[in-house]
Amino acid sequence: MIRVLSLALAIVGFMVGHSSATMGQQPSTIPGVTTLTIEQFVEMATGDNPPVIIDSRIAADYDRGRIEGAVNLTDTDMTAAKLAAIVAKHEPVLFYCNGAECKRSVNACNKAIQWGWKDVMWYPGGVSEWKANDLPLTR
């Protein structure tokens, strides 16, 4: 009985640190948001009007390696004021996180749309797809 209780408490502790808002499968699209493939992301980031790139992951993940030029703003810390300090509502903004099992960028995109940003883009492949394609991360 004690082992079962210990296991249950461990699972609850894990779930508190990893809420359902950040775990699970991402949606295929987000209403009002442009979904980008890895090729489209690279094209946008190197084009004439590149978006501001927001890494929605926690600081520890960001510090281990990020897509070059990305600014860290964790979805759970993001407010309209913090986002506005990084990117104006009329400017293009692109969000990413860890990949298919992470919903941080989904949450960030939804918040940005709700707060009035108009040109919101999402790269659902995130860092996991980026690394799988042997693209560089910076520290």
Side-chain angles (χ1 to χ4, degrees):
M1 180 66 170
I2 291 174
R3 286 184 183 177
V4 171
L5 182 57
S6 295
L7 178 59
L9 289 174
I11 291 170
V12 168
F14 174 79
M15 293 309 292
V16 167
H18 298 83
S19 72
S20 61
T22 60
M23 291 178 53
Q25 194 65 30
Q26 294 175 336
S28 57
T29 60
I30 304 170
V33 174
T34 303
T35 304
L36 300 179
T37 64
I38 194 167
E39 295 83 10
Q40 292 168 320
F41 179 108
V42 171
E43 185 178 326
M44 289 293 301
T46 58
D48 292 337
N49 188 26
V52 173
I53 302 169
I54 307 287
D55 185 321
S56 301
R57 301 175 303 151
I58 61 172
D61 287 346
Y62 177 82
D63 291 342
R64 279 194 289 274
R66 61 192 164 273
I67 296 172
E68 186 174 349
V71 177
N72 187 224
L73 182 58
T74 305
D75 67 315
T76 53
D77 294 332
M78 191 170 101
T79 64
K82 287 181 180 179
L83 185 58
I86 298 169
V87 58
K89 286 187 177 184
H90 67 275
E91 294 178 310
V93 59
L94 188 154
F95 294 92
Y96 76 88
C97 57
N98 282 317
E101 295 296 320
C102 180
K103 291 185 180 177
R104 289 189 182 279
S105 57
V106 173
N107 296 338
C109 285
N110 283 325
K111 287 180 178 183
I113 290 293
Q114 178 185 0
W115 295 331
W117 269 260
K118 302 294 181 206
D119 194 358
V120 178
M121 292 169 272
W122 174 48
Y123 171 52
V127 170
S128 61
E129 182 180 57
W130 195 262
K131 289 184 341 188
N133 282 277
D134 293 322
L135 293 170
L137 295 174
T138 62
R139 293 183 185 207

K.L.:
Give a yes or no on whether the backbone of R64 and the side-chain of R139 come within a donor-acceptor separation of less than 3.5 Å.
P.N.:
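Yes, because the side chain of R139 sits within donor-acceptor range (under 3.5 Å) of the backbone of R64.
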K.L.:
For A70, does its backbone N or O pair with a side-chain atom of Y96 as donor and acceptor, under 3.5 Å?
P.N.:
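Flag not set: sc Y96 to bb A70 has no pair under 3.5 Å.
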K.L.:
To the nearest 0.5 angstrom, please state how far the NZ atom of K118 sits from the NZ atom of K89.
P.N.:
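One gets 8.0 Å once the value is rounded to the nearest 0.5 Å.
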K.L.:
Treating N133 as the side-chain partner and L135 as the backbone partner, does any N or O pair qualify as donor plus acceptor under 3.5 Å?
P.N.:
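Looks like no, no N/O pair under 3.5 Å.
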K.L.:
If I take atom CD from residue Q40 and atom CD from residue E43, how far apart are they, to the nearest 0.5 angstrom?
P.N.:
7.5 Å
K.L.:
Between N98 (side chain only) and S128 (backbone N and O only), is there a donor and an acceptor less than 3.5 Å apart?
P.N.:
no
K.L.:
Which heavy atom of L83 sits nearest a heavy atom of A112, and at what distance?
P.N.:
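Smallest heavy-atom distance, with atoms named: CD2-CB, 3.8 Å.
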K.L.:
Is any side-chain heavy atom of K82 closer than 4.5 Å to a side-chain heavy atom of D77?
P.N.:
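When only atoms from C-beta onward are counted, D77 and K82 do touch, with a gap below 4.5 Å.
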K.L.:
Kindly give the heavy-atom pair with the smallest separation between A59 and N72, and that separation in Å.
P.N.:
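Smallest heavy-atom distance, with atoms named: CA-OD1, 3.6 Å.
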K.L.:
Indicate yes or no for a side-chain donor-acceptor contact from R66 to the backbone of L137 under 3.5 Å, with no hydrogens or angles considered.
P.N.:
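Side chain of R66 to backbone of L137: no pair is present.
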K.L.:
Are V106 and V93 in one and the same hydrophobic cluster, where Ile, Leu, Val, Met, Phe, Trp and Tyr link if side-chain heavy atoms are under 4.5 Å apart?
P.N.:
yes
K.L.:
If you compare all heavy atoms of P50 against all heavy atoms of A45, which two are closest, and at what distance to 0.1 Å?
P.N.:
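So the two residues come closest at CB-O, 3.6 Å.
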K.L.:
Tell me, do R104 and I58 make a side-chain contact under 4.5 Å, heavy atoms counted?
P.N.:
yes
K.L.:
Sequence neighbours excluded, which residues qualify as ring-ring contact (aromatic ring centres under 6.0 Å, His included) partners of Y123?
P.N.:
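Partners of Y123 by the ring-ring contact (aromatic ring centres under 6.0 Å, His included) criterion, ordered by chain and then number, come out as F41.
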K.L.:
Can you see which heavy atom on A88 is nearest to which on W117, and at what distance?
P.N.:
O-NE1, 3.2 Å
K.L.:
If the test is side-chain contact (heavy atoms from CB on, under 4.5 Å), which one of N107, N110, I113, T35 qualifies with I30?
P.N.:
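By the side-chain contact (heavy atoms from CB on, under 4.5 Å) criterion, I30 pairs with just one of N107, N110, I113, T35: N110.
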K.L.:
Say whether M121 and V33 are linked into one hydrophobic cluster, either directly or through other cluster members, by side-chain heavy-atom distances under 4.5 angstrom.
P.N.:
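Different clusters.
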K.L.:
Linking I/L/V/M/F/W/Y whenever their side-chain heavy atoms sit closer than 4.5 Å, directly or via other members, would I67 and Y62 fall into one cluster?
P.N.:
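Unlinked, I67 and Y62 end up in two clusters.
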K.L.:
Has S56 got a side-chain atom pairing as donor or acceptor with T74's backbone, closer than 3.5 angstrom?
P.N.:
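Flag not set: sc S56 to bb T74 has no pair under 3.5 Å.
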K.L.:
Test your reading of the model: is there a side-chain donor-acceptor pair from W130 to the backbone of P136, 3.5 Å cut-off?
P.N.:
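Side chain of W130 to backbone of P136: a pair is present.
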K.L.:
Say you draw a straight line from CE of M44 to CG of L94; how long is it, rounded to the nearest 0.5 Å?
P.N.:
7.5 Å
K.L.:
Could you list the residues that satisfy salt bridge (charged side-chain N to carboxylate O under 4.0 Å, His left out) with D119, not counting sequence neighbours?
P.N.:
none
K.L.:
Answer with yes or no whether the hydrophobic clustering places I86 together with W122; edges join I, L, V, M, F, W, Y residues whose side-chain heavy atoms lie under 4.5 Å apart.
P.N.:
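Yes, I86 and W122 fall within the same hydrophobic cluster.
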K.L.:
Quick one: does M78's side chain get under 4.5 Å of F95's, heavy atoms only?
P.N.:
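SC-SC contact between M78 and F95 confirmed.
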